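Just below is one structure, and these are the notes that go with it.
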Amino acid sequence: MPSSLRSALRPAARLLRLTLPLAVMGVCFWVLHTRAALPALPELTAALGSLAPWQWAGALLATAASFAALGRYDSVAHRHLGTGLDGPSARRAGMAAIAFSQTAGFGMLTGAYARWRLLPGLRAAAAGRLTALVAATFLYALAAICGLVLLAAPPPSVPGLRLTGALLLLLCVLLAAYSFLRPDLRLGRLRLRWPSLPATAALAVWALADVAAAGTALWLLLPGGTGVAWLPLLTAYALALGVAILSSAPAGAGPLELTLLALLPMAPDAALLAGLLAFRLVYYALPAALAGALLAWPRLLQPRAAAARPAEAALLGSQRRPASALPAARPCAETAVIAQNGGYLQAFGLNQLALLDTPQASVALFDPVSGLAGEVFAPLAAHARGRNAAACLYKCSPRIAQAARQSGWRVLRIAEEAVLDPQRFSGSGSARRQLRRKLRHAEKAGLHAAPAGPMLPLPQMAALDAAWQRSHGPARGTTMGRFEPGYLADQAVFLAARGPRLDGFASFHRAEGEWCLDLIRICPGAPDGTGHALVCAGIAAAAEAGVARLSLAAVPGHRLTRGLDRGLRRFKTCFAPRWEPRYAVAPSWPALALALADLTRLVHSPPPLRPLPPGGAAAHNEVEENEIALARTA
């Protein structure tokens, strides 16, 4: 389409968007006038006057509960977008914005304006994103609620709704599964992030609480003699609310009434319309008046001084640092993997964790870098809640697992780590006879394994890595390293070659007291024993450097996964290591299952590599610091 034609059509499209909701409202009121027995004004007044004080009071309480749930809904949305404004003021602003927008109509515009007006720290663009997120996710949650109520109590006036409910629920489940597998949504140049599954569950709970409370308010305000039970009314109200929201009519006026009359034919039209009028006074007019007062005087919403909440107290002294800030004197050398997977060093006071934020979880990799074991669980859980994620420590030691169990967390044994002492290692003994045989094969083939020099043969290593991936499949990532020159710059690298031919290489993470095997790549067709020779060269170099502990990394250790990676276990068993159990811990079993599922997804489908500068993580320090500073000011 020519650009001149698009420009000419834009004003018409804007006019259509503004007038269509009003047209829908007008058509619905016309249908109501022609099809329903509208009550006369005296009859309507009498019906309202027949409502008992307890009905008005109950409806007011239900309305307050509904808006409190909506405020919590806004809170979840703030955490998803990372506005940093999750708190009482944000919840009250969300309640006021919804009260104003649901009555004024044109919810995207009026809701964004109200949130921007009531939250001084919220920019206009962020207010628009927040309002769009609330609207879109509420429609999703409402679809799930409608599917649930149609399965539980379908209106008898319309056949086939139970099947519709089942299809709605199936669609919601499929969409949730898709959001887990593809957490980023790309629309042209626009990149959006789906809410995490914990966020989706929280949004669904608060949406259900809102719909149930609002429907209860309507049910309480129905005059006597309507004969409408609570559950059928909730079903009809949920469906009518969906129609009203999709219509974008101001306050849903017209579509809401017409849908309720169609779904509740047993109720007298006059009584139902009288109850709806009372409902609009309590649920729409009164909250809108309060919201209008707040919009006129936003200072009324300013927070009062209050004591810090437990979550806020747990995060006191928290600081995010780049991966290059990992200290050399750390207990676990393998934490250096965060230099490649997007992780960072998170300090909670004196306690430091190698933290990886995935779409579904905040995962502390291995043992804490520093601090006391019992003090990391509360701040980690608070950090995860702040981004609608599950908290988890992954592949931690028995000592940390015991501290987690004492703190009420769930503990699962998931792996076994192969550990040996380079200072005492030798190839003698019956336990290492297989190792001696492999090394003899490599030696007969003329293979030589030794530390790499300062200039790595990167083109040959890249070609070897590509050949290895063609033979073994794509390299796993996230908790495992992948070949990348800048990443290798901070590691001890060993090469295995026959003359000029490179047959394999291996790399080790290094800390003051420990080395850990990371990458090992063997060229297809390399001599038998190439990998064993590379590891032995690494053990000898670690012994020469005075390192007291060398890890060959972990293999699956749960009873259901012991059959996986049998070749890897056999390879490491050749060195007769000491096998140490490793655990995953989380505050609850669902959180643990979600974190492990997300890690599994990322291990097998890691995001594209971000190359580090030639100087490795240390050279990357300034770039990461700048990115963190920009994230804080955004």
Side-chain angles (χ1 to χ4, degrees), residues 326 329-338 340-341 343 353-356 363-370 373 376 392-405 411-425 431-432 434-435 476-481 491-492 506-520 531-532 534-536 538-539 541-543 547-586 592 595-596 599-600 603:
L326 277 171
R330 60 185 186 272
C332 180
E334 199 175 359
T335 51
V337 74
I338 63 173
Q340 189 177 72
N341 63 17
L353 299 171
L355 198 60
L356 173 65
V363 182
L365 297 174
F366 319 111
D367 282 8
V369 175
S370 65
V376 301
C392 176
L393 275 88
Y394 178 72
K395 287 207 301 191
C396 61
S397 65
R399 179 178 65 88
I400 303 300
Q402 179 61 29
R405 184 176 281 112
V411 178
L412 180 68
R413 177 169 172 163
I414 59 168
E416 291 179 306
E417 185 174 3
V419 178
L420 50 84
D421 183 353
Q423 306 296 328
R424 299 181 179 179
F425 181 81
R432 297 189 176 99
Q434 183 72 5
L435 174 63
R476 297 177 182 178
T478 306
T479 61
M480 307 178 193
Q491 297 188 330
S507 69
F508 290 78
H509 293 296
R510 293 179 294 187
E512 282 188 1
E514 182 190 66
W515 284 17
C516 179
L517 178 64
D518 185 28
L519 291 178
I520 184 163
H532 302 77
L534 283 167
V535 172
C536 283
I539 295 172
V547 176
R549 175 186 170 95
L550 187 140
S551 169
L552 299 179
V555 297
H558 190 270
R559 62 180 181 276
L560 299 179
T561 60
R562 283 184 179 273
L564 302 176
D565 288 330
R566 287 181 178 174
L568 186 61
R569 181 180 283 272
R570 282 198 301 269
F571 170 76
K572 295 179 182 182
T573 302
C574 288
F575 299 88
R578 180 176 71 256
W579 293 98
E580 297 180 354
R582 291 293 176 260
Y583 299 85
V585 303
L592 183 57
L596 292 179
L599 277 177
T600 301
V603 165

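Because the structure is predicted, anything quoted here is derived from the model rather than measured. Note that the numbering runs from 1 along the sequence shown for the chain.
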**Prompt:** If we only count heavy atoms from C-beta on, is the V535 to C574 side-chain gap below 4.5 Å?
**Reply:** no

**Fill in**
When rounded to the nearest 0.5 Å, the distance separating CG of L592 from CG of L393 is 10.5 Å

**Message:** Looking at every heavy atom in both A584 and L596, which two are closest together, and how far apart are they?
**Reply:** CB-CD2, 4.0 Å

**Prompt:** Side chains of L550 and F425: does their closest heavy-atom pair fall under 4.5 Å?
**Reply:** no

**Prompt:** Of the options E580, E512, E334, which is the one that meets R549 in a salt bridge (Lys or Arg N to Asp or Glu O under 4.0 Å)?
**Reply:** E580

**Message:** On a heavy-atom basis, which atom in A364 and which in L353 lie closest, and how many Å separate them?
**Reply:** CB-CD1, 4.1 Å

**Prompt:** If you look at every heavy atom in A404 and V411, which pair is closest and at what distance?
**Reply:** CB-CG2, 4.4 Å

**Prompt:** Can you find a pair of side-chain heavy atoms, one from R569 and one from E416, that are under 4.5 Å apart?
**Reply:** yes

**Minimal non-hydrogen separation, V585 against C396, with atom names** = CG1-SG, 4.1 Å

**Item:** CH2 on W515 to CD on Q491, rounded to 0.5 Å
**Value:** 11.0 Å

**Side-chain touch S397/R582, heavy atoms, less than 4.5 angstrom** = yes

**Message:** Do F571 and L552 have side chains that approach each other closer than 4.5 Å (heavy atoms only, starting at C-beta)?
**Reply:** no

**Message:** Looking at every non-hydrogen atom in both residues, tell me the closest pair between A548 and D421 and how far apart they are.
**Reply:** O-OD1, 3.1 Å

**Item:** Interatomic spacing from CD1 in I539 to CD in Q423 - rounded to 0.5 Å
**Value:** 11.5 Å

**Asked** Going by heavy atoms in the side chains, are I400 and F366 under 4.5 Å from each other?
**Response** no

**Item:** Any N341 side-chain heavy atom under 4.5 Å of L365 side chain
**Value:** yes

**Prompt:** Would E417 and K395 pass as an ion pair if we require N to O under 4.0 Å?
**Reply:** no

**Prompt:** Does the side chain of L356 come within less than 4.5 Å of Y394's, by heavy atoms?
**Reply:** no

